[in-house]
Amino acid sequence: MAWYSLFSCVSLVSVWWSLSAAHTPNITLIRTSLGSGFHRDLVTTLRFAVPLNPPACFVLLRERLPQGAFPDPHKLSAQPQHIHSEIFVLSKVDVEAHTAAASPIVLLAFASLPNNGEGTEQAEKGDHVSVWVPLTLRYHDPAPPGLHQYAEFVLPNPELLLRCGTDGKQQTCVRTAQVEAPCSMANESLCLWCRQAYHAEQRPLLFSVPVGSESHLHMVATMTFATVTGCTLLLLWGIAQHL
Amino acid sequence: MGRATATRRARYLPQVAACAGAVSLRLALLLYGLYQDKVSRVRFTDVDYDVFTDAAKLVVTGRSPYEQTTYRYTPLLAWLLTPNVFVSPFFGKVLFAVIDVLVGYLQLQVLRRAGNSKRTSALLSSLWLLNPLAAVVACRGNAEPLVVLFVMCSLSALQRSRPLAGGLWFGLAVHAKMYPITYALPVALYLSQRHKMQDGVDSLQDGVDSLRGDTGEMDSGRVCRKGRRGFIRLLQRGFAKVLQIVRSLHVWTFFLAAASVFIGLACLFYQMYGWEFLDQAYLYHITRRDTRHNFSPYFYLLYLGAGSHWERTVGLAALVPQAILLLIASFAFYNDLPFCFFLHTYIFVSFNKVCTSQYFLWYMCLLPLVLPSLRLPWKKGLLLLMLWFSGQPFPGVCRLRGSCQHTSWNSKDMTPSWRSA
């Protein structure tokens, strides 16, 4: 009986281990924010343990940027040479809006696999892709008195979609994992993509934006009023001297 | 004969040297800009230039330039830059650089007509022609040289007593940017003073004199009568001035010409682009609240009050010192138009709710014209210049290389930026 129980336990553990191994994503996400200040370069790299098969497979990242940042429309065309991706911004971008007045932005990043029509200098075999998005952080509301003068927001990890095969209407993944999205930047007709799980190498990126402080209000109002009044009177006095 | 020619040529040498230096400087900057844009992630080209080029692309395809978000300029600019699409994206930068040099040339002409020697005029206009800030702004693709050119052309025409030409250029300047509208009052006073119609004014002056004679004979309550007399005299002078303006043919010529250009262009572009043209080109600038450009003394206050109930009040209150100073400066200095323009622009920019580094060009272009008449000891002038530069911290210097963005990120809070504003 004891042997039977032990055998059952070992079997159950083995089955559980196998199932876990089967569901452990073989894709790793690495996110980096380059630069400092309000203008950043967001580089997202996906490493495939099992290389994909270009040109038959395509990679799409669906990013949901929070209110605190937006993709810089003027920099989108100035992509680094070693990164092959195309960005399609689905939402309207108000570059001047304060965070409170801004809306989250959805963008699609079509990543080109090496040897997928774009070509690279190295003979890589579809084991990684990189996506580059130039981000601009927005001004945030001032901090209440007594709190740190930084506002923080998290940039959630993107949704990874894969499509293999030239026929964009059929995919091998389960229906709940199927998503409709544009086939490519050049072809806006809808294709079926498969949502893929991945393992993120680190936690989602956290951005700290310096902000003013509400505790400065009285001092700032007083000094602004005093400065403007003083300068006005000084100028009037100078004009009167001339007259 | 040969000696006279050589002497004549030698006299023009400073002006030629200044212009040649200006052209060389801008050429070097244009080439450097090409290089930096190619090798560096931080571009030399201004973001606004991309906006202009995108708007030009829209215009070429028959669409509205206002489909380009953040295009808040006259459609004339987009039309002017259509060669950016047909010829080369570099065209606009070359155009602005050429306009920049033209502004310096106009300064030379204005200074010469004001009685300055060729050498002095060349030296003074070099403050613009060889000014790295002015040159960099133009070569980065910023459109400020265009409105500066219109203002200089208007000033030059007024100096030559050509109110019609002056009005046409003035109308263009106001269409391109709204700030030159502040020059309207001093121009009206200037034109009416120089070309007043004698009979109407003289009879009014007689009336004032007779009034003074009657009240001077009475003894009792003298202080009260003096104050009352002064106030009445002020009103009469004001009324006389208004009458002078209204009865001046040159004033009418100037403002009718300006109005026809402004209204004509406004109607044309309204017909083409509808309400969006008026909203983006004009109304946006009146109601603009921009806390990202922190040269204004109000920027931190407006940032702290963004969305609050008192924000609008502060915005309106900020207009009061501007209006008072502009009004008084108009009456005080209208006889010296270049100085009056300079003072007006300086007041407008310094007391504005929004102030970017490009705005400095609006009054810097007039500085060479006012220097000959300034009675400022050079040490004091140098001190003032250093104070001005000390208020241009890190973002201002980095603009010259195009290597930094608007705000000083490295400060722990916003107070250091505000203090320098």
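Heavy atoms only: backbone and side chains are in, while hydrogens, waters and symmetry mates are out. Order of the sequence lines fixes the chain letters, A, B, ..., with proteins taken first and strands second; residue numbering starts at 1 for each chain.
- Each of A/Ala100, A/Ala101, A/Ser213, A/Ala240 has some count of heavy-atom pairs under 4.5 Å with chain B, and the biggest count is that of A/Ser213.
- Judged purely by atom type and a 3.5 angstrom limit, B/Tyr303 uses its side chain to pair as donor or acceptor with the backbone of A/Gly212.
- Closest approach of A/Pro142 and B/Leu304 over heavy atoms only: CB-CD2, 3.7 Å.
- Contacts between A/His218 and chain B at a heavy-atom distance below 4.5 Å are absent for every atom of the residue.
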Original post:
Hey, mind stepping through B/Tyr298 and A/Val228 against side-chain contact (heavy atoms from CB on, under 4.5 Å) and telling me if it holds?
Top reply: CA-CA 9 Å; B/Tyr298 297 103; A/Val228 170; 3.5 Å; yes
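- For the atom pair CG of A/Leu235 and CZ of B/Phe351, the computed distance is 5.5 Å after rounding to the nearest 0.5 Å.
- Across B/Asp50, B/Ile347, B/Leu325, the residue that shares the most heavy-atom pairs under 4.5 angstrom with chain A is B/Leu325.
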Subject >> Test side-chain contact (heavy atoms from CB on, under 4.5 Å) applied to B/Phe333 and A/Ile239, step by step >> reply: CA-CA 9 Å; B/Phe333 299 111; A/Ile239 293 172; 3.8 Å; yes
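- Using a 4.5 Å cut-off between heavy atoms, A/Thr232 touches chain B through backbone and side chain atoms alike.
- Interface residue A/Asp141: only backbone heavy atoms are found under 4.5 Å from chain B.
- Contacts with chain A were tallied for B/Ala329, B/Ala318, B/Ala332, B/Gly305; B/Ala332 has the most, counting heavy-atom pairs under 4.5 Å.
- Considering only heavy-atom pairs separated by less than 4.5 Å from chain B, the leading option among A/Val93, A/Asp72, A/Asp41 is A/Asp41.
- Your options are B/Ile328, B/Ile324, B/Thr70, and the one with the most heavy-atom pairs under 4.5 Å with chain A is B/Ile328.
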